[in-house]
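Being a predicted model, the structure only gives us computed values, none of them experimental. What's counted below: heavy atoms across the whole structure, side chains too, no hydrogens, waters or symmetry copies.
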Amino acid sequence: MKIRAGYDIAFKCLQDVPMILMLSVHPSRHGDLLSPHAIQTSPGVGTRDYLDAFGNVCTRLVAPSGLIEIRNDFVIEDSGVPEPAAPFAAQVQLQDLPDDALVYLLGSRYCDTQKLADLAWSTFGSIEGGGQRVQAICDYVHARIKFGYQFARGDRTASEGHAERIGVCRDFAHLAVTLCRCMNIPARYCTGYLGDIGVPPDPAPMDFSAWFEAYIGGRWYTFDARHNHRRIGRIVIARGRDAADVAISTAFGQAELVRFNVVTEEVVDDSSVQLAPDMVMAPRAQSRLQRLMA
């Protein structure tokens, strides 16, 4: 399967503002790219990429005073099959976990494990098996929180989401991640593209999505507490402890988000693919508002 994905984002700045963008496809998917993948800006500004502590591609730039437009439009190959399920995956004993998974057992900015530990153990402690336990957590979160874009709030923690029972995809992910960590299952927050492939189209405008991965059965498996079923064509951009680690943009100054469009769609006819016209290409090689910011 081929998927066209990308974005068209614009900020308005009152003065020059240094920014960090996390908008590049994760390095683990670079081999699947079928077209050039590079951040373009108008006006053209200098950019520089680096890898953060979690292996995500981050882009540094200084947005000039006025309007800056940021765009990417690319085609990527995908298996076209639903992501694997893990009903019989065992929970890995703490002493056997790989060193780099241990950080995903700890509380973090939005995943306040200390406030939900008793709830987690009383609700999921009797469930055997890692896969069944994580799925039970997804079922619980899916039923607990009511989804709505009008419920977006950039500073809601997992325990607050549990109490308020409303939220967007990041709140579903934060609560599920937190409950997994309370049960000694490493869980990490993910953000990226998720189109309406193999499911009825969502009438709401396309957006970036949030989900999580749990380490069970000796590997990382994808889970999505909001949709709560296996999806096709998920494209990861970044992984971290929670949303604070994978903010789409971080501005060190006043930068008003004035346009935000995302596209993720299956390519059914190669001849119909019309990638967006190039803007001024940023000199680098490869690579709704409040809730997108940390």
Side-chain angles (χ1 to χ4, degrees), residues 53-55 82-147 156-192 209-231 234 236 238-246:
F54 301 99
E83 52 218 0
F88 305 110
Q91 181 165 341
V92 181
Q93 296 299 309
L94 283 168
Q95 62 271 23
D96 297 325
L97 288 170
D99 296 341
D100 58 4
L102 297 178
V103 68
Y104 299 110
L105 288 174
L106 307 178
S108 54
R109 178 174 176 179
Y110 297 118
C111 298
D112 43 354
T113 52
Q114 72 280 7
K115 294 185 178 180
L116 293 172
D118 290 343
L119 168 73
W121 280 101
S122 63
T123 307
F124 309 109
S126 63
I127 299 174
E128 298 292 335
Q132 294 184 40
R133 182 171 277 173
V134 177
Q135 186 55 56
I137 288 172
C138 287
D139 294 342
Y140 178 88
V141 174
H142 183 76
R144 179 79 184 182
I145 298 180
K146 178 182 178 181
F147 178 86
R156 183 182 288 120
T157 65
S159 65
E160 290 170 341
H162 184 268
E164 296 171 19
R165 307 190 71 163
I166 55 174
V168 290
C169 54
R170 64 178 271 161
D171 300 298
F172 286 79
H174 282 151
L175 181 53
V177 164
T178 303
L179 294 173
C180 284
R181 292 178 186 174
C182 289
M183 302 306 300
N184 297 326
I185 298 175
R188 60 191 185 189
Y189 182 98
C190 304
T191 186
S209 187
W211 61 89
F212 76 102
E213 294 173 346
Y215 190 85
I216 51 178
R219 55 162 286 190
W220 293 99
Y221 283 91
T222 298
F223 290 89
D224 187 336
R226 177 200 163 186
H227 297 101
N228 206 26
H229 62 267
R230 301 291 151 184
R231 295 291 294 267
R234 205 182 295 267
V236 65
R239 300 180 175 101
R241 293 167 299 183
D242 57 30
D245 290 332
V246 299

Quiz prompt | side-chain contact (heavy atoms from CB on, under 4.5 Å) evaluation trace for Val236 with Thr222 | solution = CA-CA 11 Å; Val236 65; Thr222 298; over 6 Å; no
When you look at [atom1] of [X], are more than 12 heavy atoms from neighbouring residues, nucleotides or ligands closer to it than 6.0 Å?
X: Asp96; atom1: CG; answer: yes
X: Gln114; atom1: CD; answer: yes
X: Phe88; atom1: CZ; answer: no

Quiz item: So Phe172 and His142, would you call those rings parallel, tilted or perpendicular, with 30° and 60° as cut-offs?
Solution: tilted
For [X] and [Y], which heavy atoms make the closest approach, and how far apart are they?
X: Ala176; Y: Ala225; value: CB-CB, 4.1 Å
X: Val246; Y: Gly240; value: CG1-N, 3.8 Å
X: Pro186; Y: Trp220; value: O-CZ3, 3.7 Å
X: Pro87; Y: Gln132; value: O-CG, 3.3 Å
X: Ala85; Y: Tyr221; value: O-CE2, 3.8 Å
X: Ala210; Y: Cys169; value: N-SG, 3.4 Å

Checking the side chain of [X] only, and the main-chain atoms of [Y] only, is there a donor and an acceptor separated by less than 3.5 Å?
X: Arg156; Y: Tyr110; value: no
X: Arg144; Y: His162; value: yes
X: Ser122; Y: Leu119; value: yes
X: Tyr215; Y: Gly218; value: yes
X: Asp224; Y: His227; value: yes

Quiz item: Considering the options Arg234, Arg239, Arg241, which one meets the salt bridge (Lys or Arg N to Asp or Glu O under 4.0 Å) requirement together with Glu213?
Solution: Arg239
At what distance, to the nearest 0.5 angstrom, does [atom1] of [X] lie from [atom2] of [Y]?
X: Arg226; Y: Cys138; atom1: CZ; atom2: SG; answer: 14.0 Å
X: Cys180; Y: Gln91; atom1: SG; atom2: CD; answer: 9.0 Å
X: Leu179; Y: Phe124; atom1: CG; atom2: CZ; answer: 5.0 Å
X: Cys111; Y: Arg188; atom1: SG; atom2: CZ; answer: 14.0 Å
X: Asn184; Y: Leu97; atom1: CG; atom2: CG; answer: 8.5 Å
X: Thr191; Y: Asp245; atom1: OG1; atom2: CG; answer: 12.0 Å

Quiz prompt | Arg230 charged N/C atom sitting above Phe223 aromatic ring, 6.0 Å / 45° | solution = yes
Quiz prompt | Derivation of the side-chain contact (heavy atoms from CB on, under 4.5 Å) call for Ile145 and Arg165 | solution = CA-CA 4 Å; Ile145 298 180; Arg165 307 190 71 163; 5.6 Å; no
Does any non-hydrogen side-chain atom of [Y] lie less than 4.5 Å from one of [X]?
X: Pro84; Y: Arg219; value: yes
X: Ile216; Y: Ile185; value: yes
X: Tyr189; Y: Arg170; value: yes
X: Gln135; Y: Asn228; value: yes
X: Tyr104; Y: Arg181; value: yes

Exercise. Begin with the C-alpha distance, continue with both residues' side-chain angles, and end with the deciding distance and a verdict on side-chain contact (heavy atoms from CB on, under 4.5 Å) for Leu175 and Leu116.
Key: CA-CA 9 Å; Leu175 181 53; Leu116 293 172; 3.7 Å; yes
